[in-house]
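Below: the structure, in structure tokens.
Both counts, for ligands and for their atoms, begin at 1 and track the order of listing. Worth saying up front: this structure is predicted, and the values here are computed from it rather than measured.
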Amino acid sequence: MSIIIEANDSSLKSWINIPDQSDFPIQNIPFGILRHPEFGAVAATRIGDTVIDLCSLARNHYLKDTGADPEVFHRPVLNDFISLGQPVWRAVRNRLSWLFRHDNPALRDNLLLIREAMFDVRDVEMLMPVKVGDYTDFYSSLEHATNVGIMFRDAVNPLLPNWRHIPVGYHGRSSSIVVSGNSIHRPKGQTRGDKDESPVFGPSRQVDFELEMAFITGKQTKLGDSVSVIDAEDHIFGLVLFNDLSARDIQRWEYVPLGPFLAKNFGSVISPWVVTLDALEPFRTVGPVQDPHPLPYLQFEGKKSYDINLEVALIPDGAEEITISRSNFRYMYWNMAQQLAHQTVNGCNINVGDLYGSGTISGPLPESYGSMLELAWKGTKPLRMTDGTERVFINDNDTIILRGFAIKDGIRIGFGEAVTKILPAK
Ligand code: MN
């Protein structure tokens, strides 16, 4: 089954200039929250390097009959807009696509409004796009789970017996999820070296990034109800890049028996633009073969994976950037529909604005691994930086940048960046 989404028409061009290799052609139309110089936080979209205030557009009647009241765009987060439902997101996205197409003068010739509602991306600050209520982090990359199993537990049987049957995950903490551009202090905590008898307290010496994507739910369910694999994608508003910072030394000492805790909640960083699942429709692809067959409630038909190129870059303080990993969202063993079906199979209810991390996305090749732990293989294979220094984990004042984009038939739909700098421990 495939649906026609007008805004995805690959022949569309915009009257806004779009730089080569931009993540934001007129076919993207993502949603975010802009700090407007006069109006405070407003909903926004982006075309090329232009950020567009949707509140001003709506107040001037350019979004009428889409089902969205103008005031829903004058909120500190997108949750109320998302709550209006999939038909409204689609109508607004289609309207924006129509307003900005090259041959439509309706908004193009309204110079007064353009001055008030359109900004260069370099001149504005983007804010956290959603209020995240609940946050789940999955562990859905076979390669990542295998690599971590080899390093942390058992090289002969790196996968636990449940892994190929359950989309393994844990409930994380939403308070420490921040938008790109925020710096994070190195965490302090308890660690114990493999040969030490007692733990010590101090700054983590193994701060790591995790290359992840996260989906944001757009539809509430009632406690007791489940979402089927077939319906799951109708509950997803869109995706962001997600850097789930981790402290490996704290993690290793604390994670048995109840799983990740303080090693994972000192800061996680998302990209500011939520790219809708609608915009990613052309990039559906098949995922890895699942062997053995999952239980019936996790079985699916068709293409439920998405071909999204992912990159990680590291910038040592004062030095040039270097790309240290290239992976792809399609490497995920469990897809988003299976994750959401599993999350709700017991009757757990979900809300608009919940965030679901994919888990670290490692590919089959060493250069596609999605964490320093794997790239430098537990400290045994240091990475050389542009300034000649080496890294096995993240140093103070290093900046980590995640990037992601899908590309097909000349159309590139991207996510921009999730950027964060690691500061010394407080
Ligand atoms: Mn994670």
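Of all protein atoms, those that are N, O or S and lie under 2.8 Å from the Mn ion (ligand 1) total 4.
Not counting sequence neighbours, the partners of F119 by the ring pair (Phe, Tyr, Trp, His ring centres under 6.0 Å) test are H36.
For W334 and F138, the ring centers sit 6.0 Å or farther from each other.
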With a cut-off of 3.5 Å and sequence neighbours excluded, list every side-chain donor-acceptor pair involving residues 72-85.
| residue | atom | partner | partner atom | Å |
| --- | --- | --- | --- | --- |
| H74 | ND1 | R59 | NH2 | 2.9 |
| H74 | NE2 | F39 | O | 2.9 |
| R75 | NE | E71 | O | 3.4 |
| R75 | NH1 | D80 | OD2 | 2.5 |
| N79 | OD1 | K131 | N | 2.9 |
| N79 | ND2 | K131 | O | 3.0 |
| S83 | OG | N79 | O | 2.8 |

Check: residues 407-415 side-chain donor-acceptor pairs under 3.5 Å, at least two apart:
| residue | atom | partner | partner atom | Å |
| --- | --- | --- | --- | --- |
| K408 | NZ | P282 | O | 3.0 |
| R412 | NE | Q21 | O | 3.3 |
| R412 | NE | D23 | OD1 | 2.8 |
| R412 | NH1 | Q21 | OE1 | 3.3 |
| R412 | NH2 | D23 | OD1 | 3.0 |

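For the pair R252 and F152, the distance from NZ or CZ to the six-membered ring centre is under 6.0 Å and the angle to the ring normal is within 45 degrees.
Within a 6.0 Å sphere centred on CD of E6, other residues, nucleotides and ligands contribute 12 heavy atoms or fewer.
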